[in-house]
Amino acid sequence: MSFWICRTCAVEHAERVEVCAICADERQWVPAEGQLWTTLGELADEGYRVEIAELEPDLYGLSSAPDAGIGQQTKLLRTPAGNLLWDPIGYLDDDAVRRVRELGPVVAIAASHPHMFGVQVEWSRELGGPPVYVAEPDLGWVARPDGAIRPWTGPLEVLPGVTLTQPGGHFPGSAVVHWAAGAGGRGVLLAGDTIFANPDRRSVSFMRSYPNRIPLSGAVVDRVTRAVEQFAFDRLYSNFGNAISENARAVVRRSADRHIAWVRGDFDHLT
Ligand SMILES: [Zn+2]
Ligand SMILES: [Zn+2]
């Protein structure tokens, strides 16, 4: 067996360590029964498969069924110069690789932050070896080192009109993708967990930990918001199929101001 997959977060590991560092971190959790490991072969035997859906022209969502680990939705972004695989899921099989290849050459793989590493190196190996970009501040979370991994700080234009930056917040190197041609030319932000589209579809949240509910400070939220406000975008996709379909840039600012006011104590008089 060439590598192992943490069952809880689905991040690939070169070795079976005592506990997955990503899950043991205060932002995640280790199951009550303790650390669990699996393999691609075991997941295939359990019936895992990859589903691909078109989200809008030139943007596809890949998810595993059932959910592998955290259960993110990978984004496959198509451009005339090649494709970006963003937030790679922690499962793949021959059928998934074939269908991804049919959509065009993947020339770059990147994750918004370590929770979304998935089996990023394995995706690279199966897709002809495109570079796997890892934010330099978060390199220490890579558990399966590989020659395909490229540290970056940014901004990084991985493809024409497709720019990676690191607003930070959720992780020191928490990254987003700005896709200028998305949403019919109005611009798209692929926000990972840096900015989380809420179930009400008209607000977003900014958290150090989503499962363990650890908030970010007002200062950090303002910094993250200013970092993405440099881009024009109308639509925002987070990493579980959740999205803000329009006016997303204004939604981010309005939500940031609300967050900042609450953590500052502006509403202490409310009951
Ligand atoms: Zn884990
Ligand atoms: Zn996360």
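One is the number of the first residue; the rest follow in order along the sequence. All ligand and atom numbering here is 1-based and tracks the order in the structure.
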*Take the Zn ion (ligand 1) as the vertex and measure to SG of C9 and SG of C23; round to 10°.*
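That angle is 110°.
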*Given SG of C6 on one side and SG of C20 on the other, what angle do they make at the Zn ion (ligand 1), to 10°?*
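SG of C6, the Zn ion (ligand 1) and SG of C20 span an angle of about 110°.
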*Which value, rounded to 10°, describes the OD2(D193)-the Zn ion (ligand 2)-ND1(H115) angle?*
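For OD2 of D193 and ND1 of H115, the angle centred on the Zn ion (ligand 2) reads 150°.
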_Would R144 and F117 count as a cation-pi pair here, with the cationic atom under 6.0 angstrom from the ring centre and within 45° of the axis?_
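No, cation not above the ring by the 6.0 Å, 45° rule.
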_Derivation of the salt bridge (Lys or Arg N to Asp or Glu O under 4.0 Å) call for R7 and E42_ = CA-CA 11 Å; R7 264 216 183 256; E42 193 172 74; 3.3 Å; yes
_Nearest heavy atoms of K75 and N239, plus distance in Å_ =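 Heavy-atom minimum between the residues: NZ-CA, 4.0 Å.
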_Can you tell me if D94 has over 12 outside heavy atoms packed within less than 6.0 Å of its CG?_
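Atom CG in D94 is not crowded, with 12 or fewer foreign heavy atoms closer than 6.0 Å.
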*the Zn ion (ligand 2) - closest N/O/S atom in H170*: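 For H170, the N/O/S atom sitting closest to the Zn ion (ligand 2) is NE2.
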